[in-house]
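Step one of this worksheet: look at the structure below.
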Amino acid sequence: MSEISITVDGVAVNVAADQKPTQIFSERKDVVVCKVNGELRDLWSDLAAGDVVESVTISSPEGLAVLRHSTAHVMAQAVQSIFSGTRLGIGPPITDGFYYDFDPERPFNPDDFEKIESAMRKIIKDGQRFKRRITTESDALKELAHEPYKCELIGLKSGAGDEASVEVGGSELTIYDNLGRDGQPVWSDLCRGPHLPSTKHIPAFKLMRSAAAYWRGSEKNPMLQRIYGTAWPTQEELTAHLELLAEAEKRDHRRLGNELDLFSFPEEIGSGLAVFHPKGGIIRRAMEDYSRIRHEEEGYEFVYSPHLTKAALFETSGHLDWYSEGMYPPMILDEEHHPDGTIKKAGQQYYMKPMNCPFHNLIFRARGRSYRELPLRLFEFGTVYRYEKSGVMHGLTRARGFTQDDAHIYCTKEQMPAELDSLLTFVLNLLRDYGLNDFYLELSTRNPEKSVGDDKDWTEATEALRKAAEAQKLQLVLDEGGAAFYGPKISVQAKDAIGRTWQMSTIQVDFQLPQRFELEYSAADGTRQRPVMIHRALFGSIERFFGVLTEHYSGAFPPWLAPMQAVGIPVADAFADYLADVISQMKKAGIRAELDASDDRMQKKVRNAQMQKIPFMVIAGEEDQKAGAVSFRYRNGEQKNGIPIAQAIAEIKEAVSKRIQV
RNA sequence: GCCUCCCUAGCUCAGUGGUAGAGCAACGCACUUGUAAUGCGUAGGUCGUCAGUUCAAUCCUGACGGGGGGCUCCA
C-alpha cells in the first residue's frame, strides 16, 4: 500500500493512501469533523497527498453546528418514520440547537414529541453512518420527486445565498444517506453537510417546541411546522442549558411584573398598552429622575410636545409616506356632511405620534438659530404610539404605547465628531449606572441602493461614529448596509446577568429631516447653514428598559430602584413599637421603609419580604432593643446583627446614594 | 398579519354536556421571642365576550377580544 504525505494539526505525517480522517483521529473521541485545506469536511472524506488536515472537536463552534445539524437530520428521519406523509423543508443548526421544517398531514402536538424523541434515540443507538453521495441535478430531482420543497431548493441552487444554502450550497449537489447496520441506506436527505461520522456521536439532545414558520421565510409562502431542538456534547451541558432556560423563565418581566405588582396590561385598554402600578411607578420614577439629572448635567434642555398632531406634520417629516402602516389610524375632526351623506366640509386628520423628532424640529425652527446656540440638545420623555402588528407584542419590551427618552441634537458638521464621542461616553456611563456592564457596539453603514444624502456626508458621519465607537475600546461589530436610508447609526448592545444580549441605545445621524424641515442656523460668517441632526435614545423606551432591568435583576432591584427599600420585621409583637420608631426615623431620612405590623409570625414576614425581594429586612427583638440596634437580613439570606440604628440608616442611605446592589 | 396552543375566584391551577372545586392571597378570630409558610373560620366566580348547535353549554361550533410560543416585522 502506497503512502501519502499530509499535514495533521500542523504536523507533517505519512499515512496510507486510503486513510480517512476517521482513522487518523480514531483515538480522539471528541473530534467529529475536520477541515481539509481549510474547508469543513466529513471524517469519512478521502485525502490526497499534500492535504492539510485539522481536527474539529464537538465543542468548537463548528463542531457544535455540525452536531446540531446532524441531530436535525435524525429528527427528520424520526418524523418521517412516524408520520410517513410528512414532507421535508430545511433543517439548519441555530444558536444552541437546530430546527427542521416539515409539511405534515396535521400539526404536531407535544405528545408527538415523546414519540419522535424515542424514535431519535433508537436511530442514535443504531449508530447509522452519515454517508455523503454526490449527485446531479436531474438524478436528485428524480430521487426526491416526492419532496416538493427539496426540489424547489435544487432549482434555486444557483442563486442560493440564504438559509437554503445549508441544504444545497457549495459547488456540488450532495445527498447524505444514513446507513443501517447492514450498510444499506435507511434514510436520505438532500444536504451540503458535513455531518458527524455516525448518529451515535449525538450525546445529548431534546426537542423543545413546535411552531409554524413560513417556507423560506416569506409571508407569501405556505406555513410549515417547525420543530426546534437543542443538542450538546454532554448531558451536563444539556442540563445546564435547560436550567438557563428555566432561569430565564423565572426572570421573565411579564411574570415578575405580576408577582411584584409592578404593572399590568388590562384587556379593557387594549393590547400592548401598559399601566404601571404604584410599585412599578416608584421604580420608573427613580429611573426617570436619575436620567433627568444626568441629562441636565450633560447640557440637555427639556421640552414637551403633545401626543397628537395634524397629518401635515407627518407629511412634512415623510412618516406618512413610508411609515403609515405602523401608525394608529387618524381621527377625523369637524367633518360635515350633506343630508345625502356626501362630505360638505372636509375634516382635519389628527394622528397619535409615533415619533417625537418632528416636534423637536418645530421647536428648533420656532425662531432663527445662531451657531452660538449649537449644539442644541432637546430632550423629552416622549410617549409615542405605534400600531405594532398583533403578533409581535411582548410585554413591556414590545408595546404599542411607550415613552422614549428621546433627544435630538442639532450641531454643526464640525461639532459632530466631538458630539458623537461625548454622547457615546455619556450613554455607556449612564447604562453602567443602571447596573449594565457588558457591552458591544454595532455600526450600521449605508445601503447604497436605498439611501438619501450625498456620499461625502455619509462617509464623514460614518467615520465620526466609527472613531467614537473605537475610542470606547469595546468590541465593534459592523452591520454593513444595515443603516436606515436617512443616515448611519451606532447601537449599543448590552448583555444581562444571564448573558442575553439586548439592543439598548441607538445614536443615529439623520441627513433627511433637517432638509425636509428646512432647518437652518446663521453661521459666524453670516451665511445660512443646515445643521446636522442626531437622534438618540438611551433606554430606547422606558418601558422596555424597565423590562430589561427587571429581567437583569430578576426583580431584585438595587436599593435605589427598589419600590420598598426596607421592611421592619419585629421578632414578636412586643418589639413592634420599638421597630416602628426605627422605621419612622428611616422614613424621615428619605428611605422607602414600612413596618410589617400584620399579625403573621416573624418567619412568615421574612418569607413575604423575601418574595417581594426587598433589599433590607430590618429585624428587631429583645437583644436589639436592649442594645438600641437592629439586625439586617439581606436577600441572599445573609444577616448582620446588632447594628446601631444610626449606622443602619447610614448603610441603607449609602447603598441608595451610591446606587450599589446589595 | 400568519400558524398553533390557551383563557375557570385577586394569583397559580383542578374539573364536568345537567350552571363548579383546591392551594395561596383577602377578611374575621385566636396565637406570637430570632431569620422562607401558626391554626380555625368567612367571603369570593353569568367558567373572556357574543352568537349558534342542544331539552340543557363553562364543556361542542363559529366570530370577536386578550394572552403564550414561533414566523414575518421592528422606521
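Numbers restart at 1 for each chain; the letters A, B, ... are given by sequence-line order, proteins then strands. Computed from a prediction, not measured in an experiment: that's the story for all the values here.
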If you compare every side-chain N and O of [X] against the phosphate oxygens of [N] (OP1, OP2), does one of them come in below 4.0 Å?
X	N	answer
H394(A)	G69(B)	yes
Y578(A)	U33(B)	no
R209(A)	G70(B)	yes
R254(A)	G69(B)	yes
K604(A)	A25(B)	yes
R633(A)	A36(B)	yes
S210(A)	G70(B)	no

What nucleotide, of [options], holds the atom closest to the side chain of [X]?
X	options	result
V606(A)	U35(B), G34(B), U32(B)	U35(B)
D573(A)	U32(B), G34(B), G67(B)	U32(B)
K389(A)	U72(B), A36(B), C74(B)	U72(B)
R398(A)	C2(B), C74(B), U33(B)	C74(B)
S631(A)	U35(B), U12(B), U33(B)	U35(B)
V392(A)	U33(B), U35(B), U72(B)	U72(B)
M223(A)	G66(B), C71(B), G34(B)	C71(B)
Q225(A)	G67(B), C3(B), A37(B)	C3(B)
E622(A)	G34(B), G70(B), U38(B)	G34(B)
A572(A)	C71(B), U33(B), C11(B)	U33(B)

Please determine if R400(A) forms a cation-pi arrangement with Y385(A), meaning its NZ or CZ atom is less than 6.0 Å from the six-membered ring centre and no more than 45° off the ring axis.
no
Which whole-number value in Å describes the distance from [X] [atom1] to [N] [atom2]?
X	N	atom1	atom2	answer
D599(A)	G28(B)	CG	C1'	10 Å
R400(A)	G66(B)	CZ	P	7 Å
F113(A)	G69(B)	CZ	C1'	11 Å
M327(A)	C74(B)	CE	P	17 Å
D261(A)	A26(B)	CG	P	13 Å
I269(A)	G66(B)	CD1	P	12 Å
K613(A)	A36(B)	NZ	P	16 Å

Between [N] and [M], how far apart are the two [atom1] atoms, rounded to whole Å?
N	M	atom1	result
A20(B)	U72(B)	P	46 Å
A51(B)	C47(B)	P	14 Å
U58(B)	U53(B)	C1'	16 Å
A22(B)	G68(B)	P	30 Å
C7(B)	C11(B)	C1'	15 Å
U8(B)	G66(B)	C1'	15 Å
A25(B)	U38(B)	P	9 Å
C5(B)	A9(B)	C1'	24 Å

Are Y634(A) and K640(A) packed together at the side-chain level, in the sense that at least one heavy-atom pair is separated by less than 4.5 angstrom?
yes
Would you kindly compare M611(A) and G326(A) by the position of their nearest RNA chain B nucleotide and give the one closer to the 5′ end?
M611(A)
Taking for S390(A) and for D600(A) the nucleotide of RNA chain B with the nearest heavy atom, the one nearer the 5' end belongs to S390(A)
Decide if the gap between the ring center of F102(A) and the ring center of Y100(A) is smaller than 6.0 angstrom.
yes
Cationic N near anionic O, under 4.0 Å, E152(A) to R87(A)
no
Take R216(A) and Y149(A) through the side-chain contact (heavy atoms from CB on, under 4.5 Å) test and state the conclusion after the steps.
CA-CA 10 Å; R216(A) 301 189 53 239; Y149(A) 301 99; over 6 Å; no
Under a 3.5 Å cut-off for both contacts, is [N] paired Watson-Crick or G-U wobble with anything, and if yes, with which nucleotide?
N	value
U19(B)	none
U35(B)	none
U58(B)	none
C71(B)	G1(B)
A14(B)	none
G48(B)	C64(B)
G41(B)	C27(B)

With side-chain contact (heavy atoms from CB on, under 4.5 Å) as the test, pick out the partner of F265(A) among L273(A), L396(A), V275(A).
L396(A)
Counting any heavy atom closer than 4.0 Å, what does G642(A) reach on the DNA or RNA strands: base, sugar-phosphate only, or nothing?
nothing
Counting the atoms with a prime plus P, OP1 and OP2 as sugar-phosphate, which does F575(A) contact under 4.0 Å by heavy atoms, base, sugar-phosphate, or nothing?
base
For the pair Q610(A) (side chain) and R635(A) (backbone), establish whether a donor and an acceptor sit closer than 3.5 Å, ignoring hydrogens and angles.
yes
Output yes when a side-chain donor or acceptor of R536(A) lies under 3.5 Å from a complementary backbone atom of D405(A), and no otherwise.
yes
Assess whether one donor atom and one acceptor atom, taken from the side chain of [X] and the base of [N], lie less than 3.5 Å apart.
X	N	answer
Y214(A)	G70(B)	no
Q639(A)	U35(B)	yes
R601(A)	C31(B)	yes

Is there a donor in the side chain of S305(A) and an acceptor in the side chain of H360(A), or the other way round, less than 3.5 Å apart?
no
